[in-house]
Amino acid sequence: MTHRQRLVHTADLDPAELRDVRALLDHAFDGDFSDEDWDHGLGGVHVLIRDDDGLAAHGALVMRRLRHRGRWLRTGYVEAVAVRADVRRTGLGGRVMAGLERVLDRAYDLGALSASDEGALLYAARGWQCWPGQVHALSPDGVVRLPDEEGGVYLWPPLAGPPDPSGELVFDWRDGDIT
């Protein structure tokens with residue numbers, strides 16, 4: 001089966017493509033993909049892989065700010081990665097990530113994502129590193145620690161090397177899941 005891959009900004013996705021992406025995500029996450037999760041994956045670039053049966057895989061990369069050791073880093077944040085059930089374990093997730101990582105390497109100080117247990121296997125195999133330190137967010141009430149997120153945040157380190165785990169990560173605030 002032929003797989004066609006496309007890298008495209010949200011602004012260039014037509015309404016039918018957006019519906020296809022949302023349907024893939026709703027199905028892949030067994031109905032546990034909220035409107036806030038959907039919103040988090042918009043406004044950046046998308047990797048879409050199609051085959052003869054339609055949309056087979058998707059991932060998005062959006063810009064966020066992450067503070068580490070007093071410096072706000074322009075961070076490419078991976079969102080909404082999914083592969084259609086009938087083509088899982090065929091390398092499409094890796095192809096999606098390779099497309100997003102290419103953008104990360106050229107446009108951002110750092111890459112970050114929050115991984116499920118299943119997704120963590122893919123990310124670690126690709127060189128993403130689990131952040132061993134504390135995770136915080138800059139909330140409307142100030143900086144708050146997010147202990148439930150610790151152990152699930154993965155970083156795509158910059159060429160200068162990974163951030164120092166003795167320093168905290170502070171994510172910018174957003175509605176819904178912070179990381």
Side-chain angles (χ1 to χ4, degrees), residues 1-66 74-108 110-128 137 139-140 146 148-149 152-156 171-179:
M1 182 172 290
T2 302
H3 291 101
R4 298 167 306 281
Q5 185 166 323
R6 181 173 165 218
L7 178 71
V8 59
H9 193 276
T10 301
D12 295 319
L13 291 171
D14 65 41
E17 289 175 306
L18 288 168
R19 284 191 301 274
D20 287 348
V21 171
R22 180 64 193 254
L24 173 69
L25 294 166
D26 285 339
H27 190 264
F29 287 92
D30 294 322
D32 191 26
F33 195 82
S34 71
D35 289 343
E36 290 164 334
D37 294 330
W38 173 245
D39 188 59
H40 295 167
L42 300 176
V45 296
H46 302 257
V47 171
L48 297 102
I49 300 177
R50 292 188 172 278
D51 62 18
D52 295 339
D53 295 326
L55 185 61
H58 171 269
L61 186 68
V62 298
M63 194 186 102
R64 294 190 65 189
R65 293 287 181 177
L66 192 152
R74 190 179 60 256
T75 302
Y77 200 84
V78 175
E79 292 282 3
V81 176
V83 177
R84 201 176 62 225
D86 65 312
V87 290
R88 287 186 186 144
R89 309 276 185 265
T90 63
L92 295 183
R95 285 181 55 186
V96 165
M97 291 305 297
L100 298 177
E101 290 158 1
R102 185 183 70 76
V103 175
L104 275 171
D105 288 341
R106 290 167 174 78
Y108 293 95
L110 181 72
L113 59 82
S114 179
S116 65
D117 292 340
E118 185 177 338
L121 300 173
L122 168 67
Y123 306 129
R126 297 195 57 77
W128 287 78
S139 80
L146 304 172
D148 292 345
E149 303 299 327
V153 172
Y154 283 72
L155 302 178
W156 184 257
F171 285 89
D172 54 357
W173 190 257
R174 61 186 188 176
D175 292 333
D177 294 332
I178 306 302
T179 64

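Keep in mind that this is a model prediction, so the values were computed, not measured. In what follows, residues are counted from 1 in the order of the sequence shown.
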Heavy-atom donor-acceptor pair, [X] side chain to [Y] backbone, under 3.5 Å:
X: E149; Y: L146; result: no
X: D26; Y: A23; result: no
X: R74; Y: L110; result: no
X: D53; Y: A56; result: no

Give me the atom names and distance for the closest heavy-atom approach of [X] to [Y].
X: L113; Y: M97; result: CD2-CE, 4.2 Å
X: A82; Y: A28; result: CB-CB, 3.6 Å
X: L66; Y: A112; result: CD1-CB, 4.3 Å
X: W173; Y: A137; result: CE3-CB, 3.8 Å
X: A57; Y: V83; result: CB-CG2, 4.0 Å
X: R6; Y: D12; result: NH2-O, 3.5 Å

May I have the step-by-step check of ring-ring contact (aromatic ring centres under 6.0 Å, His included) for H46 and H58, ending in yes or no?
CA-CA 7 Å; H46 302 257; H58 171 269; 5.1 Å; yes
How long is the gap from [atom1] on [X] to [atom2] on [Y], to the nearest 0.5 Å?
X: S139; Y: D172; atom1: OG; atom2: CG; answer: 12.0 Å
X: S114; Y: Y123; atom1: OG; atom2: OH; answer: 9.0 Å
X: T10; Y: L18; atom1: OG1; atom2: CG; answer: 7.0 Å
X: T90; Y: R84; atom1: OG1; atom2: CZ; answer: 9.0 Å
X: I49; Y: L24; atom1: CD1; atom2: CG; answer: 11.0 Å
X: D177; Y: E36; atom1: CG; atom2: CD; answer: 7.5 Å

Whether [Y] and [X] form a salt bridge (side-chain N of Lys/Arg under 4.0 Å from carboxylate O of Asp/Glu) is what I want to check.
X: R50; Y: D20; value: yes
X: R95; Y: E101; value: no
X: R22; Y: D35; value: yes

Are R126 and Y154 in a cation-pi contact, defined as NZ or CZ under 6.0 Å from the six-membered ring centre and within 45° of the axis?
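Pair R126/Y154 does not count as cation-pi.
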Residue pair L55 / V21, side-chain heavy-atom distance below 4.5 Å:
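Contact flag for L55/V21 side chains = yes.
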Check whether any side-chain heavy atom of W156 lies under 4.5 Å from a side-chain heavy atom of D105, and answer yes or no.
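Result yes, sub-4.5 Å side-chain heavy-atom pair found.
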Kindly determine whether L42 and V62 satisfy side chain to side chain contact (heavy atoms under 4.5 Å, CB included), including the steps that lead there.
CA-CA 7 Å; L42 300 176; V62 298; over 6 Å; no
Is it the case that atom [atom1] in [X] sees more than 12 heavy atoms from other parts of the structure closer than 6.0 Å?
X: R4; atom1: CZ; result: yes
X: D32; atom1: CG; result: no
X: D14; atom1: CG; result: yes

Could you walk me through whether E79 and L61 pass side chain to side chain contact (heavy atoms under 4.5 Å, CB included), step by step?
CA-CA 6 Å; E79 292 282 3; L61 186 68; over 6 Å; no
Between F171 and Y77, what is the ring plane arrangement, given parallel below 30°, perpendicular above 60°, and tilted in between?
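The rings of F171 and Y77 stand perpendicular, inter-plane angle above 60°.
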Y108/T75 under side chain to side chain contact (heavy atoms under 4.5 Å, CB included): CA gap, chis, key distance, verdict:
CA-CA 6 Å; Y108 293 95; T75 302; 5.6 Å; no
Using the side chain to side chain contact (heavy atoms under 4.5 Å, CB included) rule, take V8 and V45 through it: C-alpha gap first, then chi angles, then the decisive distance, then the call.
CA-CA 5 Å; V8 59; V45 296; over 6 Å; no
